[in-house]
Q: 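Handing you a structure now.
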Protein chains: 2
Amino acid sequence: MTVTIKDVAKLANVAPSTVSRVIANNPRISDKTKERVKAAMEELGYHPNFIARSLANKSTQSIGLVMPSSADKVFQNPFFPEVIRGISKGAHEKQYSLHMSTGETEEEIFEGLVQMVQGGRVDGVVLLYSRFDDKVVTYLRKRNFPFVVIGKPYKHIEEITHVDNDNYRASKEITEYLIELGHERIAFVGGNLNFVVTVDRLLGYENAIRNAGLPYRDEYVSHEEFLQEGGQEAITDLLSLEEPPTALVVADDLMALGILGKLAEMGKVVPDDISVISFNNVLLTEISRPPLTSVDIDIFRLGYEAAKSLIQITENPNESVKRIIVPYKIVKRHSCSEAGKVSLL
Amino acid sequence: MTVTIKDVAKLANVAPSTVSRVIANNPRISDKTKERVKAAMEELGYHPNFIARSLANKSTQSIGLVMPSSADKVFQNPFFPEVIRGISKGAHEKQYSLHMSTGETEEEIFEGLVQMVQGGRVDGVVLLYSRFDDKVVTYLRKRNFPFVVIGKPYKHIEEITHVDNDNYRASKEITEYLIELGHERIAFVGGNLNFVVTVDRLLGYENAIRNAGLPYRDEYVSHEEFLQEGGQEAITDLLSLEEPPTALVVADDLMALGILGKLAEMGKVVPDDISVISFNNVLLTEISRPPLTSVDIDIFRLGYEAAKSLIQITENPNESVKRIIVPYKIVKRHSCSEAGKVSLL
DNA sequence: TTGTAGGCGTTATCAT
DNA sequence: ATGATAACGCCTACAA
């Protein structure tokens with residue numbers, strides 16, 4: 001039914017192997033037959049069969065995506081579309097396509113990964129997250145299968161290619177920014193502690209607090225899921241404290257948005273009553289009211305670099321491990337102001 | 001290197017075909033050998049090679065996703081993660097995985113599709129959008145390749161399996177709702193006119209307006225991209241009219257959010273000064289201020305149904321065409337109020 | 001119930 | 001410069 005290499009060969013009056021060489025652009029093939037074969041391909045509307053090619057090659061030109069579990073909720077976060085867009089771009093440049101397995105739970109996702117890998121569906125995978133004690137990483141390492149992680153690996157940092165931001169420093173820097181604005185009661189609203197990124201950001205915050213000689217208070221640190229509701233729960237607790245914070249470091253824009261909403265509901269005005277700064281600089285930060293000051297971690301580039309490194313690794317297995325740190329920058333908008341002062345806008 | 005069916009066969013002391021049968025759960029195979037083979041698979045950590053299987057089968061157990069072009073911008077819209085989540089769920093239930101090509105421009109995407117299809121990488125594809133004069137549809141139909149579209153096909157509606165909402169009716173209904181609230185100057189802010197959905201929603205709006213004996217004014221109808229900025233441009237124009245509208249039907253939540261922001265900036269209060277209602281009921285609608293009244297089109301289900309129908313079609317080619325209409329419902333929050341009245345909250 | 005053999009569409013090795 | 005031929009790993013008649 002479908003037109004194969006043999007059909008082309010027949011029409012062009014050559015052997016299948018010759019056609020194959022033309023496809024591969026093998027240099028030692030006469031221009032004449034090259035033309036003839038190409039004409040035949042054109043005439044028949046021939047397109048190479050990737051599957052057959054993969055089988056012969058043991059290479060699929062496609063890379064697998066591994067999402068964090070509970071993909072249901074997490075996928076709501078604009079972070080993922082954006083990394084994927086970056087990965088897609090990096091992949092496209094090298095003519096790779098993307099493959100996703102479809103599990104929801106952690107177990108299903110793991111099983112999907114195994115099938116993807118052992119089933120030979122992909123040449124390498126990129127992990128869109130980094131969590132502690134991840135059996136995915138363990139598995140990949142044991143099989144010595146090419147992979148790169150977006151984020152900081154929880155172990156074997158020197159041996160795992162990864163692309164990350166310096167979250168520790170970023171978090172420290174924004175906390176210091178708040179301190180410079182005169183805030184002394186600064187709270188931290190983090191995401192799920194299973195993710196390495198959460199801890200990095202927490203540590204940066206803590207370090208800044210201590211460095212400044214401010215007391216580090218446990219009741220100022222809370223952890224929720226990376227979602228609006230998470231943010232909302234956290235802020236309710238925080239504000240019921242005897243000495244509520246005057247500024248918030250929030251680990252994710254979406255949480256910050258949730259917080260903003262809750263705050264407005266409670267009649268608090270940002271930034272006059274309380275300052276808020278968060279991470280990711282997702283599109284929404286611009287249109288929130290007030291527009292959020294946020295750390296732009298360049299999500300797109302995170303994905304882009306991940307794809308490029310992965311492809312490099314798979315195509316050149318003895319390539320050395322790489323760590324790529326994507327620079328961040330703080331985008332100041334209107335959610336932070338000096339402590340105790342009322343902003344003019 | 002990797003363990004194949006032959007290795008298992010050898011260890012279990014049977015022929016490869018027997019192993020194959022065990023995998024396929026062929027009934028006529030003795031329980032005894034079945035056990036033996038399974039043990040061998042276990043011991044060797046065998047996993048079937050999908051590629052080889054696909055080649056033999058001419059079936060990949062994976063379905064392709066086709067995004068609208070300019071994937072860069074559009075992908076920002078929470079609509080896509082959510083449909084994909086639905087598709088993923090539907091696919092997972094039947095053990096299918098997902099495949100995405102990686103182009104950005106319309107041309108690249110088309111080329112990616114062709115490779116996906118002719119390259120035998122997928123058993124069917126789902127179009128995540130429906131636009132006018134889409135060469136993707138033309139191509140798929142000509143090749144008689146299984147596909148389903150999410151949205152309403154621009155042509156051959158009776159011959160193309162698709163899953164859609166009744167956007168015409170929904171749009172009509174919310175416009176009537178606004179009219180019931182006493183509004184007489186109602187504007188429509190739509191998305192890109194190349195998408196069928198935009199037109200459906202526009203038509204519903206128009207019909208409601210005319211039915212109510214209200215004048216249909218061209219200057220009340222504008223079209224922008226499905227993004228925040230789009231919404232912002234539109235509202236600026238609308239408000240500078242001599243008789244600015246008192247209510248807005250907006251074709252997309254994200255645009256509505258943009259509008260809300262702009263409105264606040266201009267000192268207008270929603271819903272007192274102007275009512276806003278939009279489509280999609282994306283998560284953000286809840287935390288916007290005010291929370292948006294929006295048409296819940298059940299995006300997840302759109303994707304879920306699409307995947308299920310596609311799989312049904314591919315597995316049973318003489319299956320008849322289906323049209324699936326996913327019910328919508330209007331979720332009233334706090335962005336609409338009676339014309340001329342000031343809301344109490 | 002199980003084994004044998006040919007084929008799925010390519011690539012790659014060896015000849016010529 | 002090109003042609004045969006044997007993989008790649010699995011499936012499926014056809015045989016036994």
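Order of the sequence lines sets the chain letters (A, B, ...), proteins ahead of strands, with each chain counted from 1.
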Q: Any residue in residues 26-35 of chain B with a heavy atom nearer than 4.0 angstrom to DNA chain C? Just list them by number, or reply none.
A: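 Those residues whose heavy atoms fall under 4.0 Å from DNA chain C, taken from residues 26-35 of chain B in numerical order, are R28(B), I29(B), S30(B), T33(B).
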Q: Rounded at 0.5 Å granularity, tell me how far OG in S20(B) sits from CZ in R53(B).
A: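 Interatomic distance, S20(B) OG to R53(B) CZ, rounded to 0.5 Å: 8.0 Å.
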Q: Are E82(A) and R85(A) ion-paired here, with the side-chain N under 4.0 Å from a carboxylate O?
A: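 Salt bridge present between E82(A) and R85(A).
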Q: Please assess K135(B) against E107(B) for the test salt bridge (charged side-chain N to carboxylate O under 4.0 Å, His left out), listing each intermediate value before the final yes or no.
A: CA-CA 10 Å; K135(B) 53 193 294 205; E107(B) 204 41 60; 3.5 Å; yes
Q: Answer yes or no: does atom NZ of K322(B) have more than 12 heavy-atom neighbours from other residues, nucleotides or ligands under 6.0 Å?
A: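 Yes, because the 6.0 Å sphere around NZ of K322(B) holds more than 12 heavy atoms from other groups.
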Q: Donor-acceptor pair, T161(A) side chain versus V148(A) backbone, under 3.5 Å?
A: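 No.
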Q: Given the rule in the side-chain contact (heavy atoms from CB on, under 4.5 Å) test, do H162(B) and I157(B) qualify, once you have shown the distances and angles that lead to the verdict?
A: CA-CA 8 Å; H162(B) 61 281; I157(B) 298 197; 3.7 Å; yes
Q: Within 45° of the ring axis of F300(B) and under 6.0 Å from its six-membered ring centre, is that where the NZ or CZ of K89(B) lies?
A: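 Output no; distance or angle outside limits.
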Q: Base contacts versus sugar-phosphate-only contacts with protein, heavy atoms under 4.0 Å: please encode nucleotides 3-10 of chain C as B, S and - from 5' to 3'.
A: BB--BBBB
Q: Separation of Q118(A) atom CD from dG9(D) atom P, in whole Å?
A: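 It works out to 13 Å between those atoms.
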Q: Could you please spell out the steps behind the side-chain contact (heavy atoms from CB on, under 4.5 Å) verdict for I63(A) and I87(A)?
A: CA-CA 10 Å; I63(A) 87 188; I87(A) 294 175; 4.0 Å; yes
Q: Between N25(B) (CG) and dC11(D) (P), how many Å, whole number?
A: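 It is 13 Å, rounded to the nearest whole Å.
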Q: Specify the separation, in whole Å, of atom CG of L44(B) and atom C1' of dG9(D).
A: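 Result: 15 Å.
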Q: Roughly how many Å is it from CZ in R36(A) to P in dT2(D), rounded to a whole number?
A: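 Computing the R36(A):CZ to dT2(D):P distance gives 8 Å.
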